[in-house]
Number of protein chains: 2
Amino acid sequence: MPARPRDGAATQQHLLAAARRRFAADGYDRTTIRAVAGDVGVDAALVIRYFGSKEGLFTRAADLDLGLPDLTGVRAGDLSKVLVGRFFAVWEDDPTFLALLRAAATSDVAAEAMRGVFARQVGPALAAVTDDRAPERAALVAATVLGFAMARYVLRLPPLVDMTRDRAEAWLGPTLRHYLLD
Amino acid sequence: MPARPRDGAATQQHLLAAARRRFAADGYDRTTIRAVAGDVGVDAALVIRYFGSKEGLFTRAADLDLGLPDLTGVRAGDLSKVLVGRFFAVWEDDPTFLALLRAAATSDVAAEAMRGVFARQVGPALAAVTDDRAPERAALVAATVLGFAMARYVLRLPPLVDMTRDRAEAWLGPTLRHYLLD
DNA sequence: AGGCTAGGTCATCGATCGTTGACACGGAAG
DNA sequence: CTTCCGTGTCAACGATCGATGACCTAGCCT
């Protein structure tokens, strides 16, 4: 065996990546520390050593960044294109958000983490393009995005699983504009 | 103690009601057969006797009816009122659907049950008011409803938790009409 | 009255999981 | 070469849970 070098920092990153995949695929409860450790080829006790507990591992693994750009000055017609583009980047290229969503369904700490993302990232970013009633508008946008993600990636409703990005943007665009601007 | 009469059928109904509450509040994994049995004041072994297994209990408890009316002939302007009305009836007066949603996030059998509800109830009901692309339109409506429920009852985003039914209908109405008719 | 059936209990098994503490190893510093 | 600390392993504990099978009991039928 290649006897992977003993690099603690790298091992922690591998553990976090494996944890994100497991939490995304199986949810919080069904994800076991032993399985995450096994994916990396390491003992479960090491995970506890590095992250303190299963909840600590989840908290670190679920720390995410939506990467929302500054929306000031973006034309109304381009808003949905930008938002839907971010949507697919966040949901299809990285298992973190799916992990958070699955966990939030049953875990209160995960739900709180979600509220934090909403309060610190979605709310402020959208407040730049909509003056009054910004929190309500942002929450409706969040509900739209969460519903689409839930139906497409978790429930896997066939019509949404098969939908292309362009078509999704064509459908969601007017809805998002309605919530943000009407 | 009053020594509750020995009525098997009634006990099963009490167990199903308790199971729906537990599954809705705690999700599938965190709900224990012992807790459900305890809520009814009965031994856990009896639950297995009646429902075979935890999964059997869930399947019976998650058997639900949206009660969607026949929508043929409903005027376009009244569509959202009817749909949003059913939404609150289903989500706030009965824990069944919330239980199913929470469970569907991590359990595949629950997700399959959700797809069944969509295919047998939502799809056909909405097909009555929209001719072409009916499955796609119905799926978008389902995503809208699921997102709103997820954000309001599971994530508890404050702006949506505080929203009145009338205001919800005012926001969701145009979106639902867009998905169904545009 | 007596027995039979359905309703319900009890003790327990086997498996899994998070977590812990003691121990082993490997490599850079002195 | 030895020391030492960070890296990783190992065995095990304590708790929980789903499920099983033997057993008890209340109440109706004859």
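Just so it is clear, the values below take in all heavy atoms, side chains as well, and ignore hydrogens, waters and symmetry mates. Per chain, numbering begins at 1; letters A, B, ... match sequence-line order.
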**Study point:** A:Tyr50 side-chain N/O to D:dG8 phosphate OP1/OP2 under 4.0 Å
**Key:** yes
Exercise for review: Using a strict 4.0 Å threshold on nitrogen-to-oxygen distance, state whether B:Arg165 and B:Glu92 make a salt bridge.
Suggested key: yes
Practice item. Find the distance B:Gln13:CD to C:dG7:C1' and express it as a whole number of Å. Key: 16 Å
**Study point:** Between A:Arg102 and B:Thr106: side-chain donor-acceptor atoms closer than 3.5 Å
**Key:** no
Study note, to complete from the structure: Separation of C:dG26 atom C1' from A:Asp7 atom CG, nearest Å, is 13 Å
Exercise for review: Take atom CD1 of B:Ile48 and atom C1' of D:dT20, then tell me their distance rounded to the nearest Å.
Suggested key: 9 Å
Practice item. Round to a whole Å and report the spacing from CZ of B:Arg49 to P of C:dT5. Key: 14 Å
Review point. Distance check: side-chain N/O of B:Thr11 vs OP1/OP2 of C:dG7, anything under 4.0 Å?
Key: no
Review point. In Å, rounded to the nearest 0.5 Å, how long is the span from CZ of B:Arg21 to CG of B:Asp94?
Key: 11.0 Å
Review point. OP1 or OP2 of D:dT16 sitting under 4.0 Å from any side-chain N/O of B:Thr32?
Key: no
Point to revise | Polar side chain donor-acceptor pair, A:Thr72 to A:Asp70, under 3.5 angstrom | key: yes
Review point. Could you give the CG-to-C1' distance, from B:Asp29 to C:dG18, as a whole number of Å?
Key: 15 Å
Check your understanding: Taking CZ from A:Arg22 and C1' from C:dC17, how many angstroms apart are they, rounded to a whole number?
Key -> 14 Å
Practice item. Please report, rounded to the nearest Å, how far the C1' atom of C:dA22 is from the CG atom of A:Asp43. Key: 13 Å
Review point. Under a 4.5 Å cut-off applied to non-hydrogen side-chain atoms, are A:Leu98 and A:Val154 in contact?
Key: yes
Check your understanding: Over how many whole Å does the gap from A:Lys54 atom NZ to C:dC17 atom C1' extend?
Key -> 8 Å
Exercise for review: Could you check whether B:Ala44 gets within reach of a base, just the sugar-phosphate, or nothing at all, counting any heavy atom under 4.0 Å?
Suggested key: nothing
Practice item. On DNA chain C, check which nucleotide each of B:Arg34 and B:Ala9 is closest to and give me the residue with the more 5' one. Key: B:Ala9
Point to revise | Sugar-phosphate only, base, or nothing, as touched by A:Leu46 at under 4.0 Å among non-hydrogen atoms | key: base
